[in-house]
Colleague: 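This is the structure I have questions about; it appears just below.
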There are 2 protein chains.
Amino acid sequence: MRDAAPQGTYKVQALDRAFAVLDLLGESDTPLGLAQVASSLQLHKSTAHRFLMVLERHRMVERTSTGKFRLGLRLFDFGNRAIEQYDLRDRAQPHLRRLVAETEETAHLCILEAARVIYIDKIEPARSVRMITRIGASNPVHCTSVGKAILAFLPEERAAEVVRRIRFERFTHRTIATAEALRTEMEKTRRRGYAVDDEELEEGLRCIAVPLLDAQRQPVAAVSISGPSFRVTAQKLPAIANHLLQCVRGISVDMGYISTGRGNRATWSA
Amino acid sequence: MRDAAPQGTYKVQALDRAFAVLDLLGESDTPLGLAQVASSLQLHKSTAHRFLMVLERHRMVERTSTGKFRLGLRLFDFGNRAIEQYDLRDRAQPHLRRLVAETEETAHLCILEAARVIYIDKIEPARSVRMITRIGASNPVHCTSVGKAILAFLPEERAAEVVRRIRFERFTHRTIATAEALRTEMEKTRRRGYAVDDEELEEGLRCIAVPLLDAQRQPVAAVSISGPSFRVTAQKLPAIANHLLQCVRGISVDMGYISTGRGNRATWSA
DNA sequence: ATAAGCTTCTCAAAATATGGGACCAGCGTC
DNA sequence: GACGCTGGTCCCATATTTTGAGAAGCTTAT
């Protein structure tokens, strides 16, 4: 209803509607009244009301003192359970902190899903202008350093699959706009070992990322450093890349992807 | 279906079922197959399948390589949006970090919902045994320091309302078991300015908490320090309480609840 | 006071989800 | 290597569930 048609052969109207409601509330930065929800979603008052009541019972939404609705904390609970399974986040955090201390710029930890990268964690340096990214949010692969870092080290087929799904949306005049250009960029990335987003997503923002490889040498995530272009200059990139590489190495060890010593157990096959 | 009857007059079967599915997946620490989901929830394969497909389309669940289901990252996204509105978390984090550095024990940030406290954030000291709490999880008010800290400073009516909702479940032999006992504990808490949970939730775990008051002097959250009883000794409590008080003061300032200087804008009324 | 706007509730109509069951695929066993 | 299982996908007539019109209650602004 809201974003794109509920394509797919399986349909449960109630769910589509419920999620549309949650989406709407999540999108809005101010709580919404019943009437607003109903009209935004073209639902009848009565229907919207019932949904909201049920969602409230499940604590998926909650009411402010004025009776308006906003997202509920049950979602927060679910969300945390959802990433828990990837305990990557927890393990990576200390390493990211060190990275931020070293570089004095914002670090992100991301994973790939479909043709988008999802921000799993963000660490900001002590005093810096707050970056706008929100943990849990996502961006297209083709215009982010993290996306490119993962993509570049994915096996041919899977990479192709991802590229096929990209809608080459443009954000700045530097945004990579064709699969072709992306392909050569991947080459470059592989050669130098790190990916760069040079104001391709946002004017004035430069990012650099390296992939985190699991025991099978498959990229499962990426770590990046982002900052204003005037601070994250081209000259500094190699040095930052080094910090990044050390950081992911640390995470890999912690995750058990690479053993520190030698006499280690054989690699698993998932 | 799952936990308690879907009471309440408003009903949307599909939603109850969908959430039951999510719940199940969230509860399980290993991905589940269609058959498992269907039988656990007493749904027909066919129905469970349809739900899972729809949930997958919405990225509320995702499939592992083996075809099993687990919670999806969309939930992570929603969850983060949900707490964003309380930007308390972000603002409090630096202060909590300092607190942890000072005390070398685990700090929690919690808010009250109904008769439970929800863990909004957790910071652990550099090297410590991992605490079992999960961010997003919740505990009853009557057996947590944070719960008591908030409760004690709530206006009479609201506190009574909360107490009325408590089911005095026992966890250890020290758990407060009656409204009466809780009431006197509240007195004590108010007098000394901080709340203590002395192995009331878990054997060997001692916690201490102070409330975070908003501009109207209403408790909106609580900050606690938790640790093994042998480290967090009775003698140390006052000292820790001091750190806690400084911490919440810092947060209050950051949130604009208390102005540092004098000539400030009038207080709002929500 | 009065009206406008928003929310809550009821109920008959009908569209929606349901689940029985067929079909298919993979796996472990014999 | 074949067989039988268990587990997953798909289709469709049925009836259960959701739907939404509208009436009634509230709240807030005029």
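Letters A, B, ... are given to chains in the order of the sequence lines, protein chains preceding strands, and every chain is numbered from 1. All values reported here derive from a predicted model rather than from experimental measurement.
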Colleague: Is there side-chain contact between B:Tyr257 and B:Ile251, with heavy atoms separated by less than 4.5 Å?
Modeller: no

Colleague: So which heavy atom on B:Val117 is nearest to which on B:Pro140, and how close?
Modeller: CG2-O, 4.3 Å

Colleague: The side chain of A:Arg17 lies closest to which of these nucleotides: D:dC10, D:dG7, D:dG20?
Modeller: D:dG20

Colleague: I need the CZ-P distance between B:Phe51 and D:dT17, as an integer number of Å.
Modeller: 12 Å

Colleague: Side chain of A:Tyr10: nearest nucleotide among C:dC9, C:dT7, D:dC10?
Modeller: D:dC10

Colleague: Quick check on DNA chain C: between A:Leu15 and A:Met53, whose nearest nucleotide comes earlier from the 5' end?
Modeller: A:Met53

Colleague: Taking CG from B:Leu43 and C1' from D:dT16, how many angstroms apart are they, rounded to a whole number?
Modeller: 15 Å

Colleague: What is the separation between atom CD on A:Gln36 and atom C1' on C:dC6, rounded to the nearest whole Å?
Modeller: 10 Å

Colleague: Assuming nearest nucleotide by heavy-atom distance, tell me which of A:Lys68 and B:Ala14 is located more 5' along DNA chain C.
Modeller: A:Lys68

Colleague: Nearest whole angstrom, please: distance from the C1' of C:dT16 to the CG of A:Asp16.
Modeller: 13 Å

Colleague: Report the nucleotide, chosen from C:dG19, D:dG20, C:dA22, that has the shortest atom-to-atom distance to any side-chain atom of A:Ser46.
Modeller: D:dG20

Colleague: A:Arg116 versus B:Leu73: any side-chain heavy-atom pair under 4.5 Å?
Modeller: no

Colleague: By nearest atom, which of the nucleotides C:dT8, D:dG8, C:dG19 is closest to the A:His49 side chain?
Modeller: C:dT8

Colleague: May I ask you to verify if any side-chain N or O of A:Gln13 is less than 4.0 angstrom from the OP1 or OP2 atom of D:dT19?
Modeller: yes

Colleague: With a 4.5 Å cut-off on side-chain heavy atoms, are B:Gln218 and B:Pro155 touching?
Modeller: yes

Colleague: Atom CZ of A:Arg50 and atom P of D:dG20: how far apart are they, to the nearest Å?
Modeller: 8 Å

Colleague: In whole angstrom, give the distance that lies between atom CZ of A:Phe69 and atom C1' of C:dT8.
Modeller: 11 Å

Colleague: Which listed nucleotide (C:dT8, C:dT18, D:dT9) is nearest to the side chain of A:Lys45?
Modeller: C:dT8

Colleague: Tell me the interatomic distance from B:Leu34, atom CG, to C:dG26, atom C1', rounded to whole angstroms.
Modeller: 15 Å

Colleague: Could you give the NZ-to-P distance, from B:Lys11 to D:dT17, as a whole number of Å?
Modeller: 6 Å

Colleague: Any Lys/Arg nitrogen of B:Arg57 or A:Asp16 sitting under 4.0 Å from an Asp/Glu carboxylate oxygen of the other?
Modeller: yes

Colleague: Out of D:dG7, C:dC6, D:dT19, which has the shortest distance to the side chain of B:Ala35?
Modeller: D:dG7

